[in-house]
Amino acid sequence: MSSGPGTEASPTLTTALQARMQRPQRHRLLQGYPAVPLMGPAVPPWTPNDDAGRSERGELRRLFDGTVVDTRASLAALALTRPPSPEAPHPEIQARWAALDRKRLARLEDQAALPSLAQPPVVAVDPTRSLIVGVLPHTQCTPRVEGCGFCTFPHDAPTDKQTRGFIVNTVRGDIAHVLQAESLKGRAVDAVYFGGGTANLTAVSELRSLFGTLAASLDLRGAEVSLEGIPALFTSWFHAPLKMLAELPVRRKRISMGVQTFDRHFIEMMGRQSFGDQSLIQRLVRKCRSMDIGTSGDFLFNLPGQTLEGMSDDVDRAVACGFDQICLYNLVLYKGLGTLWSEMPLLVDAMPSNDAACAHWLSLRTRLLSAGYVQTTLTNFERSDVASGERAFVYERASFSPERTDGLGFGPLSISTFIDSRAQKGLKLLRRKNMSYRPWSGDDLFYVYGPAELRVLFVTRSLAKASFSRAAYTSMFQSEVLDDFSASFSALQMADLINGARNDDVVSLTPRGMFYSDSVVATFATEQKIASERALGMHTTALLAEPLQTAVDYYGMG
Ligand code: SF4
């Protein structure tokens with residue numbers, strides 16, 4: 001272990017860290033700081049009593065740079081120009097219509113005189129930063145049981161193709177609407193990701209149309225484009241999704257498939273029998289290689305009651321499949337999590353202790369490294385020939401590099417993040433499943449980073465790559481990370497979770513610290529004692545459970 005920055009560990013931080021390390025660990029840091037409970041409403045309160053900040057028809061909305069547009073008064077003024085109702089033949093009806101007109105006019109005049117809630121931008125968009133785009137076309141998938149039992153990602157039961165097509169069209173409308181912004185026109189994009197969930201359940205024509213809407217405004221020629229989904233669907237209609245990918249005029253293409261495990265017992269528990277077995281996956285990987293499409297496979301470990309032999313067998317079979325990238329995710333399962341499995345005491349009780357789960361992680365990590373894979377993020381391992389060449393995967397590395405990358409997200413529960421390094425400000429936007437309003441208005445969520453919050457974002461987001469450069473931190477904040485977070489470093493080094501000393505160029509998680517990364521980032525966030533006045537305290541699980549809503553007369557269409 002490297003020597004610490006030389007400050008006493010705070011007893012409060014140490015005690016809190018020990019308590020956190022007893023809880024279930026997520027070990028992936030996907031969402032980025034802050035988590036949902038700290039986020040507030042996307043638009044200012046409509047009235048002083050309107051805590052949720054809803055705007056009834058989306059007339060009050062936020063743009064991707066934080067600007068609030070308030071069109072209520074101008075829309076009311078426009079409506080005032082509407083001619084009064086035509087004269088009714090009967091005098092009594094005429095009088096009623098006239099009364100209604102007077103009421104309507106009075107209401108509109110009130111609205112036209114409303115004080116504007118418009119706000120200037122939060123960030124000046126910096127076109128020299130790299131940009132990545134995530135698109136979740138819909139939240140549907142096809143397991144035979146409710147979800148796959150363990151899944152904490154947005155997922156809903158499949159509907160007919162027409163309804164799904166309507167949702168995808170709504171997402172396409174969001175893209176067209178947001179990309180009207182002049183400051184995004186022609187901006188080069190490093191990577192586009194269609195996922196998570198079962199994005200490959202989307203019709204090929206719809207995926208093409210989503211890509212086309214992006215390409216109409218953004219420069220995608222140098223981008224890596226990924227499509228996520230379940231293995232069997234990539235082979236449907238004579239590999240139509242692969243052919244569509246191969247034809248895209250972009251730099252690199254890749255698919256990401258959820259495999260989870262090869263163990264028949266667990267596959268049946270998940271209802272994934274028809275998702276593709278090892279032989280289908282092996283053929284799919286070969287087919288992709290022949291089409292110059294990269295392949296990535298997601299696997300879970302520490303399934304309830306799973307032995308280390310079982311987990312190791314999954315890793316060995318994944319290596320035998322020939323994936324360019326293998327991703328290992330520690331299963332999160334505890335009572336109250338909100339998944340189907342979390343309501344089954346037999347499964348919850350069969351989960352390993354954190355000590356045992358961490359030992360499994362260390363063993364599987366060593367196994368993958370010995371098989372010739374290189375760890376690129378907390379969960380992702382690329383085959384060494386891929387990692388060192390121009391086929392190296394882009395999206396995750398960029399996503400975990402807040403010093404240089406902004407992110408634009410479309411679709412239900414998508415996240416966007418923009419940073420203005422010069423002003424030391426940033427913003428995060430989360431689109432809810434209620435998509436019947438323009439992005440980002442209605443129920444959507446929002447968070448503003450100041451200098452202290454940006455420092456937490458930098459450290460916690462960068463650690464998803466398992467390490468970051470101290471010089472990159474200093475260049476962004478003109479301060480030293482070991483000083484800014486001295487108490488956290490002391491507590492984390494005492495627990496053997498992090499390395500970082502004045503003579504080290506990088507701060508890095510220890511292999512054990514990778515497993516406890518959830519606890520590590522919470523320690524950094526706690527030290528900054530950041531309060532969020534506008535936090536709604538919403539729980540992520542509550543967001544996932546919301547029904548997906550789209551309006552029939554959607555007015556987000558560009
Ligand atoms: S793991 Fe994938 S297929 Fe299963 S419920 Fe989650 S999103 Fe759907």
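Note that ligands are numbered from 1 as they come in the structure, with each ligand's atoms numbered from 1 the same way.
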field: Nearest protein heavy atom with distance in Å, relative to atom 8 (Fe) of ligand 1
entry: Cys141 SG, 2.4 Å
query: atom 7 (S) of ligand 1: which protein heavy atom is closest, and how many Å away?
result: Gly197 CA, 3.5 Å
message: Does Lys161 have more than 12 heavy atoms from other residues, nucleotides or ligands lying within 6.0 Å of its NZ?
response: no
- request: Answer yes or no as to whether an N/O/S atom of Cys148 is found below 2.8 Å from atom 4 (Fe) of ligand 1.
  value: yes
task: Can you see which heavy atom on Leu184 is nearest to which on Leu218, and at what distance?
output: O-CD2, 3.4 Å
task: Would you mind listing which atoms of ligand 1 come within a distance below 4.0 Å of any non-hydrogen atom of Arg272?
output: 1 (S), 3 (S), 4 (Fe)
query: Taking the inter-plane angle between the rings of Phe468 and Phe458 on a 0 to 90° scale, is it parallel (under 30°), tilted (30 to 60°) or perpendicular (over 60°)?
result: perpendicular
query: Which residue holds the protein heavy atom closest to atom 3 (S) of ligand 1, what is that atom called, and what is the gap in Å?
result: Thr198 OG1, 3.6 Å
task: Please check if the distance between the ring centroids of Tyr447 and Tyr449 is under 6.0 Å.
output: yes
task: Do me a favour and list the nearest non-hydrogen protein atom to atom 6 (Fe) of ligand 1 with residue, atom name and distance?
output: Cys151 SG, 2.3 Å
Worked verdict on Phe262 versus Phe299 for ring pair (Phe, Tyr, Trp, His ring centres under 6.0 Å): CA-CA 9 Å; Phe262 291 112; Phe299 291 83; 5.6 Å; yes
message: I'd like to know if Met270 contacts ligand 1, where contact means a heavy-atom distance under 4.0 Å to any ligand atom.
response: no
statement: Gly147 heavy atoms within 4.0 Å reach ligand 1 at atoms 5 (S)
- prompt: Does Phe211 have its ring centroid less than 6.0 Å away from the ring centroid of Phe194?
  reply: no
